[in-house]
Amino acid sequence: MANKTYSISDLASDFDVTTRTIRFYEEKGLLNPQRNGQTRIYSPADRIKLKLILRGKRLGLSLEESKDIIEMYHPEHDNSPQLLKLIEKIRERRRLLEQQHKQQLQDLEDMIDELNEAEERCQEALTVMNKPQKN
């Protein structure tokens, strides 16, 4: 299995991304496939990197943050620093999302209050308009 290689089409299909996306990650230095003429040949390590890049994207990490974390990986060494960095980024992202969530909830509550007030004013106006007029 260590000798298994992948084409750009294989990876695009496996991860449901376009070949252009994969080439973009290459341009950014995140992936470095071997070449056989014009053909890109991806290793299992490249496949894992792509998986990590896409996971980082789903977690809200920038490409630079993902690249930094991926480059910290060394299979023959202790990868605690890499994992600690990832935990730090996850916590940072969670805090940001929680702040955004609180702000969105507040915005929704404010909008509901405004809608309730507008409806109440409309009901009052209808009540005044529908009162029988005295001659």
Side-chain angles (χ1 to χ4, degrees):
M1 179 92 175
N3 294 333
K4 175 124 174 88
T5 59
Y6 305 90
S7 70
I8 193 168
S9 299
D10 292 336
L11 293 181
S13 175
D14 289 351
F15 292 102
D16 196 28
V17 295
T18 64
T19 56
R20 177 70 195 112
T21 297
I22 295 170
R23 287 191 301 271
F24 174 77
Y25 295 144
E26 285 178 41
E27 291 168 14
K28 296 295 181 182
L30 293 160
L31 297 173
N32 297 300
Q34 298 294 315
R35 297 278 184 151
N36 184 2
Q38 292 291 340
T39 305
R40 293 169 169 87
I41 302 169
Y42 296 88
S43 68
D46 291 321
R47 189 178 192 287
I48 290 169
K49 284 181 184 179
L50 179 58
K51 184 177 183 177
L52 294 173
I53 292 163
L54 296 172
R55 182 177 296 153
K57 184 178 176 185
R58 282 192 309 275
L59 292 174
L61 301 179
S62 70
L63 284 180
E64 196 60 39
E65 289 170 324
S66 288
K67 183 178 181 180
D68 291 345
I69 291 169
I70 290 167
E71 288 177 349
M72 293 174 77
Y73 178 71
H74 300 288
E76 63 281 349
H77 296 99
D78 173 23
N79 285 296
S80 297
Q82 180 197 37
L83 295 172
L84 290 170
K85 182 72 168 176
L86 181 56
I87 289 169
E88 174 189 330
K89 291 295 178 184
I90 288 169
R91 288 177 178 167
E92 187 178 298
R93 183 69 178 146
R94 183 183 300 121
R95 279 191 299 274
L96 177 63
L97 288 174
E98 287 171 347
Q99 287 174 335
Q100 290 173 342
H101 182 250
K102 285 178 185 175
Q103 184 59 52
Q104 288 173 339
L105 282 177
Q106 185 59 54
D107 291 346
L108 288 171
E109 289 173 6
D110 291 347
M111 189 179 299
I112 288 169
D113 288 346
E114 287 181 37
L115 288 168
N116 289 339
E117 290 173 16
E119 181 182 21
E120 189 176 315
R121 285 192 302 274
C122 289
Q123 289 290 355
E124 289 171 1
L126 280 173
T127 300
V128 169
M129 291 172 55
N130 290 329
K131 277 189 179 178
Q133 295 181 355
K134 295 183 182 178
N135 292 347

Chemist: Please check if the number of heavy atoms outside D16 that lie under 6.0 Å from its CG is greater than 12.
Modeler: no
Chemist: Going by the rule side-chain hydrogen bond (donor to acceptor under 3.5 Å, both in side chains), which residues pair with S80 if we only count those two or more places apart in sequence or in a different chain?
Modeler: D78
Chemist: Output all residues satisfying side-chain hydrogen bond (donor to acceptor under 3.5 Å, both in side chains) with D107, sequence neighbours left out; order by chain, then residue number.
Modeler: Q103
Chemist: Sequence neighbours left out, what passes side chain to side chain contact (heavy atoms under 4.5 Å, CB included) with Q100? Give chain and number order.
Modeler: L96, L97
Chemist: Apply side chain to side chain contact (heavy atoms under 4.5 Å, CB included) to I87 and list each qualifying residue two or more places apart in sequence or on a separate chain.
Modeler: R91
Chemist: Taking only residues two or more places apart in sequence, or in another chain, which ones meet E65 in a side-chain hydrogen bond (donor to acceptor under 3.5 Å, both in side chains)?
Modeler: S62, K89
Chemist: Above 12 or not: heavy atoms from other molecules or residues under 6.0 Å from CD of E76?
Modeler: yes
Chemist: Search all heavy atoms of I8 against all heavy atoms of I22 and return the closest pair with its distance.
Modeler: O-CD1, 3.7 Å
Chemist: Considering only residues two or more places apart or on different chains, which pairs with a residue in residues 108-120 satisfy salt bridge (charged side-chain N to carboxylate O under 4.0 Å, His left out)?
Modeler: none
Chemist: Under the side chain to side chain contact (heavy atoms under 4.5 Å, CB included) rule, collect the residues that match up with L30, sequence neighbours excluded.
Modeler: Y25, K28, I53, L63, K67
Chemist: Of all residues at least two apart in sequence or in a different chain, which pass the side chain to side chain contact (heavy atoms under 4.5 Å, CB included) check with S9?
Modeler: S7
Chemist: Among pairs that include at least one residue of residues 32-57, which meet salt bridge (charged side-chain N to carboxylate O under 4.0 Å, His left out), considering only residues two or more places apart or in two chains?
Modeler: D14-R47, E26-R35, E26-R40
Chemist: Suppose we screen for salt bridge (charged side-chain N to carboxylate O under 4.0 Å, His left out). Which residues come up paired with R95, at least two apart in sequence or across chains?
Modeler: none
